[in-house]
Amino acid sequence: MLFKILLPILAIASIYALGRFQAQRKEALITPEQAEALRAQEVADQRAGRRAGLIALLLLVTLAATMAYFYWRDANKEMLIRVINIQSGETQIYRARNKDLHDRVFTTLDGRRVRLADLERMEVETAPSEP
């Protein structure tokens, strides 16, 4: 069990040490002019990375806002609900928002809470928009 923990730690440490050794060796072979050019390149790369990160963040926020809007729009869509009594065939029509529909219970636009009996059937459709 200890070997399973120590082996990955040893592998990570050896890869890190090898990378540091190669970086130090590369730095020793570079002239001052090359070092200055490398620093300028690193600064340009950092600016490009920041710009790319900012664009990605902007896209992410835009996507999240778009998804939130569509979720809100669907939840607030007005629905037409027909409650049909199976025994008598009597039909009652209600209007409710999509977010207020739950299994066999819903809340109408005027605030009434309707709970269906076992003998009632519910048909739901999108309410026609009024001109």
Side-chain angles (χ1 to χ4, degrees):
M1 180 69 176
L2 186 61
F3 182 72
K4 288 182 180 181
I5 296 171
L6 291 178
L7 184 64
I9 292 173
L10 181 64
I12 291 170
S14 61
I15 291 170
Y16 177 77
L18 182 66
R20 291 294 295 166
F21 175 72
Q22 286 182 353
Q24 288 174 354
R25 200 168 124 220
K26 193 181 281 187
E27 284 178 8
L29 298 174
I30 295 177
T31 64
E33 295 82 22
Q34 290 173 334
E36 185 62 35
L38 281 175
R39 281 191 211 104
Q41 182 64 34
E42 287 175 1
V43 168
D45 289 345
Q46 284 178 348
R47 286 183 183 155
R50 286 183 184 151
R51 199 171 297 132
L54 185 61
I55 289 170
L57 182 64
L58 225 62
L59 286 173
L60 186 65
V61 168
T62 304
L63 180 65
T66 303
M67 288 176 63
Y69 167 73
F70 283 119
Y71 178 77
W72 173 83
R73 188 184 72 176
D74 288 341
N76 286 307
K77 191 178 293 184
E78 198 171 300
M79 306 301 282
L80 189 66
I81 304 165
R82 276 191 205 88
V83 177
I84 303 167
N85 187 325
I86 295 173
Q87 286 181 334
S88 67
E90 183 182 328
T91 302
Q92 293 179 329
I93 297 175
Y94 299 97
R95 286 182 175 264
R97 303 234 181 265
N98 197 16
K99 65 182 177 184
D100 294 330
L101 292 174
H102 307 286
D103 205 22
R104 298 188 61 84
V105 178
F106 61 91
T107 305
T108 62
L109 292 178
D110 56 356
R112 290 185 290 170
R113 187 175 171 136
V114 178
R115 183 178 304 232
L116 300 181
D118 289 338
L119 296 175
E120 293 177 322
R121 187 178 75 196
M122 176 171 59
E123 293 179 355
V124 180
E125 64 183 54
T126 304
S129 59
E130 296 179 25

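Note that the numbering runs from 1 along the sequence shown for the chain. Please read all numbers here as calculations on a predicted model, not as lab measurements.
Listed by first and then second residue, the ring-ring contact (aromatic ring centres under 6.0 Å, His included) pairs that reach into residues 32-56 come to none, sequence neighbours excluded. Each salt bridge (Lys or Arg N to Asp or Glu O under 4.0 Å) pair with one or both residues in residues 53-76, not counting sequence neighbours, appears once here: Asp74-Lys77. Sorted by first and then second residue, the pairs that involve residues 107-118 and meet salt bridge (Lys or Arg N to Asp or Glu O under 4.0 Å), not counting sequence neighbours, are Asp110-Arg112. Identified under the side-chain hydrogen bond (donor to acceptor under 3.5 Å, both in side chains) test for residues 44-55, with sequence neighbours left out: Gln41-Asp45.
Within the 3.5 Å criterion, the main-chain N or O of Ala117 finds a donor-acceptor partner in the side chain of Arg104.
Through chains of ILVMFWY side-chain contacts below 4.5 Å, Ile55 is grouped with Leu59. Residue Ile81 is found in a hydrophobic cluster whose other members, listed by chain and number, are Met79, Val83, Tyr94, Leu101, Phe106, Val114, Leu116, Met122, Val124; membership requires side-chain heavy atoms under 4.5 Å apart, directly or through intermediates.
A search for salt bridge (charged side-chain N to carboxylate O under 4.0 Å, His left out) contacts involving Arg39 returns Glu36, not counting sequence neighbours. Taking the salt bridge (charged side-chain N to carboxylate O under 4.0 Å, His left out) definition, one finds that Arg82 meets it with Glu123, Glu125, sequence neighbours left out. Not a single salt bridge (charged side-chain N to carboxylate O under 4.0 Å, His left out) links Glu120 to another residue, sequence neighbours left out. Applying the side-chain hydrogen bond (donor to acceptor under 3.5 Å, both in side chains) criterion to Asn98, with sequence neighbours excluded, gives no partner residue.
Closest heavy-atom contact between Arg95 and Ala127: NH1-CB, 3.2 Å.
In Arg121, the CZ atom is not crowded: 12 or fewer heavy atoms of neighbouring residues, nucleotides or ligands sit closer than 6.0 Å.
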Table please: side-chain donor-acceptor pairs of residues 6-16 below 3.5 Å, with sequence neighbours left out.
from	atom 1	to	atom 2	distance (Å)
Ser14	OG	Leu10	O	3.1
Ser14	OG	Ala11	O	2.8

Distance-only donor-acceptor hits, side chain of residues 64-72, under 3.5 Å, sequence neighbours excluded:
from	atom 1	to	atom 2	distance (Å)
Thr66	OG1	Thr62	O	2.8

